[in-house]
A.B. asks: 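Before we start, here is the structure in question, set down as structure tokens.
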Amino acid sequence: MVHVYNCHPFASQHIVPTDQEPGLVCCGGDALFVVSAAGCKVEAYRMQGEDCPLICRFSTMGTVHRILYSQIGDYLVTIEEKNGSTYLRAYTNWRYQASERTRVGVRLLGHFLRVPSLCGAPKEQMEIIEMPLSEPPQCMACCALTGDLLVGCTRSLVVFGLKRQELGERLVVLDFEMLVVLHIHNWSPSDVALCAGYVALQTELEVLVVKLERMEKRHPPPEDCTPIPSPGAPQSPHESDDFFMFPKHLELLGAESKDCGVSVTLEGTGAELGSSMALTYVLYRRFAPDFFRGCSVEETCLHSLQLHSMFPGGREPVCVFCFFSLPGAGYMYSLHNPVQLLSTYQYPEKTHEAALCDQFLYVITRNALQCFSVRCSAVAARAGDPYIDTTMKACPPATMEVCALRIQLFIGLRSLCHDGNHIVLITAVDSESKTSRSKQVCESGYGWNLYVITTVPTLQLYTEMVEYSRRYEQTLSHNSLHLLSEAHLLVRSSLLSLRGGEEGDRAQLQNAFRESCAQLGDCFSRLDRRDCHLALPYYKMSGLSVTEVIQRNVARSGDSTSVTDYGKGFLFFLKHSLYEETMEDLSEVSANTVLDIFSQAEPAQLPHVVTSPFMVKADPACVLEHLEQLEVSGAPAVTLTLCKSAQALRLGNMQQYCQQMEQHSEMLQVFGFIEEPKLLFQGRGSSVTPTLFAQHLQHTQVGLLVAAMVALHENSKVKLEEADLFFQELCKDCVDRQSPYLLVDFWEALLVASSQDSIIQELLFRLASVYINRITRRDCTGITALKTAEDLVSSECPSHILTHLSHCSVAPDNHQEDLHKLQSLLCGPTLDISSVLPLLEQLPDTDGAGVSVYVLCATRLGQLESSLERLLEHCPEAVIPYAHHQLHSHMLTLWWQKLFPELCKRARVPSEKGSVLLTALKETVKVVAMELSPLEFLELLPDDGSAHFFLPHLLECSLRHSQSHGQPHSQSHGS
């Protein structure tokens with residue numbers, strides 16, 4: 001049963017002063033068009049003002065059976081009959097008929113006056129355009145967005161496109177172009193509708209909605225655009241054939257609707273647009289008379305088929321709605337993906353006609369005008385804003401039950417139409433009722449009346465609905481929430497429908513919208529139902545500060561702080577506002593109030609509440625008192641102890657601080673920081689700031705601070721960039737602001753702990769840059785790092801190379817440790833050497849530190865020959881250990897191809913390193929003698945070499961060769 005609220009959506013009503021009984025009416029553009037009962041005369045009235053002044057009147061070429069107005073193009077279209085034939089005609093420039101005896105031009109579609117007659121000034125005359133059709137027209141509809149015209153004939157639908165034809169420099173003529181013809185098998189539509197490419201057609205018991213879409217050329221239409229069925233097949237695979245005479249109820253949505261059994265085929269007309277059209281089935285609905293409940297076929301006849309669009313700000317339609325009605329029930333569908341039934345309207349009595357607009361559905365029965373709420377704005381809002389139905393924004397559900405806001409009594413209602421804030425009604429008393437005529441009937445003196453009803457402005461009706469809802473405020477009934485939701489959708493609909501140039505109205509509506517959000521937030525904040533979480537997005541949309549929300553809820557609950565005085569919705573809002581860090585700093589009074597609320601409602605959340613940056617003004621003594629009460633109740637100890645330590649630090653009680661910090665080991669304290677990171681830092685992104693607790697740990701327990709930040713990073717509680725900002729802020733007074741020592745300690749610790757390749761690569765590059773910079777600048781910070789070079793050595797790192805390179809790896813000043821760390825990074829398999837090569841330009845390649853770094857980089861890049869040359873030049877002591885480690889396998893030949901010739905050449909030249917080179921040469925000769933044959937070894941010896949130096953090695957080579965190759969031969973010879 002539909003709820004009925006006694007609101008007042010109708011402001012005033014007045015009678016249109018027409019002389020003849022109206023037969024047909026239509027309206028649009030603040031104009032009302034009345035066709036006399038005789039059907040051959042049209043009068044146009046201006047609906048603004050109480051007296052509805054006459055704009056113009058003109059005669060038609062035949063008896064009008066249907067009339068329609070299009071605001072796009074400002075034209076009228078009629079279906080007329082004359083001499084037994086039916087015609088479709090459009091009347092353009094009808095406003096020129098305000099002058100008496102104005103000329104009227106009649107022409108066929110696409111035909112214009114001769115060119116000589118177009119010279120001079122444009123002539124002010126009404127034009128009648130006759131549109132020839134192959135079948136008699138039965139119904140028609142105009143697209144509210146484009147002005148295109150849809151005409152329903154006996155077996156087909158014809159779409160005409162509105163266009164403006166330039167006939168001269170000063171003359172533009174309105175005309176139509178036949179775009180496409182839709183042929184319908186075994187269907188004769190009684191009503192049609194057109195909007196944004198959607199085409200709806202209706203018979204007495206069926207409704208079909210299809211969509212015309214423009215396809216790219218040379219592309220076949222998609223499968224769901226292909227018309228269906230074969231003759232003799234069942235009407236639909238979704239129904240069984242267990243009926244004999246009457247079909248059953250059937251509803252097919254979206255892609256399923258192509259199986260409805262109704263064949264629709266497209267016929268191009270040669271127009272450029274129509275030749276590239278394809279058809280998609282959208283919705284099919286079929287009804288059947290319920291004879292068991294006494295319903296006749298007449299009582300099941302459909303009426304008031306409409307397509308309605310919402311497009312805020314003049315953009316493309318957000319979504320399109322389809323409405324149609326039975327005498328006893330109306331149905332509203334959203335054609336926005338997915339297609340769905342939004343609302344079902346159960347009427348209290350039999351209806352004759354209905355009109356849909358953005359905010360309401362107006363329905364007439366025999367003796368009443370009824371106003372129902374609609375859900376268009378709820379669907380359009382969600383289609384246009386992806387943040388709705390999140391913690392940021394909310395909107396009443398599109399499936400929320402509808403209500404009737406008003407039932408206004410009339411006598412003998414016969415016709416209804418709507419435009420803007422005006423409703424037009426025709427009333428007429430039949431012969432059976434003339435004996436009981438009321439004063440209302442006698443106003444015209446003829447037994448009929450033509451009314452123009454003005455609707456109430458949105459803000460006035462919104463205010464009334466809010467006042468109405470307060471009747472149910474104390475009981476928190478469903479009616480209170482329902483009415484507030486209806487009021488919210490009313491304002492939202494007006495905002496969506498506003499056009500440019502209405503900024504004053506927009507400002508007032510936005511204020512009402514924020515007020516409505518606050519009221520809905522209040523309502524949900526007191527509820528204990530499943531959707532109480534909606535208090536959060538509604539309060540956010542209201543623009544209220546958290547302090548104002550607290551004051552609203554505290555004022556409602558009185559001075560008591562009992563848990564039952566605060567709803568789950570308010571607690572949900574308060575908790576998320578504190579955690580999301582999007583609120584303002586609370587005053588001491590508000591912060592202490594929050595403490596009192598959580599200490600009774602959710603005491604387990606207190607450690608997280610007190611660490612919020614917005615609770616900084618809370619009395620630390622009061623906070624400690626609440627935390628101690630929580631500790632007595634047996635709450636988890638580590639995080640709670642850290643919170644108490646932070647509060648003791650705020651109070652300056654160092655004795656209590658030390659007592660709390662000594663209760664748990666540093667490892668457990670790290671877990672406590674993981675559970676509540678706001679103990680160390682506040683804010684996110686570029687606004688990260690260390691807390692007082694973190695600043696104290698910097699000077700007392702720096703290892704704990706670094707370990708905690710590493711753990712937070714590895715548990716995704718802080719990003720690397722945020723941690724960088726954290727340590728830079730802590731060390732902002734250091735000499736090295738770019739890479740303060742504590743930040744480098746964090747990078748080194750994170751490098752050891754992290755398993756993410758991208759993070760490791762980034763850290764390796766940063767640390768290499770820092771080490772090279774320190775070695776190059778030769779400055780001394782005098783601070784001992786937390787990690788040593790041994791901590792950074794990888795398991796795959798050839799650490800003994802570093803030992804052998806230690807002869808030449810002497811760093812300046814006190815940066816020997818930095819050099820060893822850099823060497824450790826370069827030896828590891830993870831660092832991309834090519835990325836650090838530009839950084840090496842700072843290092844000189846002549847001193848020991850630079851030589852070792854360049855050699856390690858060249859080795860990682862496979863440049864062993866250049867490494868040997870560099871070592872021979874600057875550090876020959878390390879050549880043999882380096883060669884023993886690197887020159888093996890496929891690089892073994894470098895012993896005699898590169899190292900041996902170089903040593904021979906350098907050993908001849910007297911130098912300080914002569915003995916070192918000679919020793920290296922002896923070791924090289926030993927290796928060469930072991931690997932080569934005697935002949936190969938002999939060929940390798942220099943011509944000017946000393947025989948006594950090489951002869952022992954040659955004999956050893958020969959002996960080894962004879963033992964390995966001649967042993968089998970000597971055994972046989974001896975036998």
A.B. asks: Could you walk me through whether Phe681 and Phe727 pass the ring pair (Phe, Tyr, Trp, His ring centres under 6.0 Å) check?
C.D. replies: CA-CA 10 Å; Phe681 65 88; Phe727 284 110; over 10 Å; no
A.B. asks: With side chain to side chain donor-acceptor pair (under 3.5 Å) as the criterion, how do Thr689 and Gln682 come out once you've worked through the C-alpha distance, each side chain's angles and the decisive distance to 0.1 Å?
C.D. replies: CA-CA 5 Å; Thr689 55; Gln682 295 171 351; 4.8 Å; no
A.B. asks: Cut-off 3.5 Å, side chains only: do Tyr882 and Thr859 have a donor facing an acceptor?
C.D. replies: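 Result is yes, a qualifying pair exists.
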A.B. asks: Using a 3.5 Å distance criterion without hydrogens, assess whether the side chain of Ser633 forms a donor-acceptor pair with backbone atoms of Leu630.
C.D. replies: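 Flag set: sc Ser633 to bb Leu630 pair under 3.5 Å.
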A.B. asks: Do Cys904 and Leu921 touch side chain to side chain, with heavy atoms closer than 4.5 Å?
C.D. replies: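 Cys904 vs Leu921: side chains touch.
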A.B. asks: Tell me whether Lys617 is salt-bridged to Asp585, with the criterion being a basic N under 4.0 Å from an acidic carboxylate O.
C.D. replies: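 Looking at Lys617 and Asp585, the cut-off is not met.
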A.B. asks: State plainly whether the residues Lys678 and Glu676 are in salt-bridge range, i.e. N to O under 4.0 Å.
C.D. replies: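 A salt bridge is present here (some side-chain N lies under 4.0 Å from a carboxylate O).
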A.B. asks: Check this for me, if you would: do Glu873 and Arg870 make a salt bridge, where the nitrogen-to-carboxylate-oxygen distance has to be below 4.0 angstrom?
C.D. replies: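 No, Glu873 and Arg870 are not salt-bridged.
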A.B. asks: Is any side-chain heavy atom of Lys926 less than 4.5 Å from a side-chain heavy atom of Glu956?
C.D. replies: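 Lys926 does not reach Glu956 side chain to side chain.
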A.B. asks: Would you say the side-chain atoms of Tyr579 and Gln605 include a donor-acceptor pair closer than 3.5 Å?
C.D. replies: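 Yes, Gln605 and Tyr579 have a side-chain donor paired with an acceptor closer than 3.5 Å.
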A.B. asks: Could you tell me whether Glu722 and Lys719 make a salt bridge, using a distance below 4.0 angstrom between a side-chain N and a carboxylate O?
C.D. replies: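 Between Lys719 and Glu722 there is no salt bridge, as every charged N stays at least 4.0 Å from the carboxylate O atoms.
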A.B. asks: Of all residues at least two apart in sequence or in a different chain, which pass the ring pair (Phe, Tyr, Trp, His ring centres under 6.0 Å) check with His664?
C.D. replies: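 Per chain and number, His664 pairs via ring pair (Phe, Tyr, Trp, His ring centres under 6.0 Å) with no residue.
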A.B. asks: For a 4.5 angstrom cut-off between non-hydrogen side-chain atoms, does Cys731 reach Gln698?
C.D. replies: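 Heavy-atom side-chain distance check passes, below 4.5 Å.
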A.B. asks: Taking the side chain as every heavy atom from C-beta outward, state whether Lys575 and His608 have any atom pair closer than 4.5 Å.
C.D. replies: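 Contact flag for Lys575/His608 side chains = no.
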A.B. asks: Do the non-hydrogen side-chain atoms of His626 and Phe598 ever get within less than 4.5 Å of each other?
C.D. replies: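 No, every pair of side-chain atoms sits at 4.5 Å or beyond.
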A.B. asks: Looking at side-chain heavy atoms only, is the closest gap between Leu704 and Met661 below 4.5 Å?
C.D. replies: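 The answer is yes; the side chains approach within 4.5 Å.
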A.B. asks: Using a strict cut-off of less than 4.0 Å between a Lys/Arg side-chain nitrogen and an Asp/Glu carboxylate oxygen, indicate whether Arg766 and Asp724 qualify as a salt bridge.
C.D. replies: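 Looking at Asp724 together with Arg766, the answer is yes, because their closest N to O distance falls below 4.0 Å.
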A.B. asks: Compare all side-chain heavy atoms of Leu742 with those of Leu705 and state whether any distance is below 4.5 angstrom.
C.D. replies: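 Leu742 reaches Leu705 side chain to side chain.
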A.B. asks: Quick check against the 3.5 Å criterion: does Thr641 have a side-chain atom that pairs as donor or acceptor with the backbone of Ala637?
C.D. replies: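 Yes, the answer is positive, given that a donor and an acceptor are paired below the 3.5 Å cut-off.
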A.B. asks: Between Asn715 (side chain) and Lys717 (backbone), is there a donor-acceptor pair under 3.5 Å?
C.D. replies: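 No: the side chain of Asn715 does not pair with the backbone of Lys717.
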A.B. asks: Taking the side chain from Ser824 and the backbone from His820, do they hold a donor-acceptor pair closer than 3.5 Å?
C.D. replies: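 Flag set: sc Ser824 to bb His820 pair under 3.5 Å.
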A.B. asks: Locate the shortest heavy-atom distance separating Leu826 from Val853; write the atom from each residue and the value.
C.D. replies: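 Nearest pair, atom of Leu826 first, then Val853: CD1-CG1, 3.6 Å.
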A.B. asks: Working note: Lys898 + Glu869, criterion side chain to side chain contact (heavy atoms under 4.5 Å, CB included); need CA distance, chi angles, decisive distance, verdict.
C.D. replies: CA-CA 9 Å; Lys898 179 67 178 179; Glu869 291 180 359; 2.4 Å; yes
A.B. asks: Quick one: are the ring centres of His533 and Phe573 less than 6.0 Å apart?
C.D. replies: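 His533 vs Phe573: aromatic centres not under 6.0 Å.
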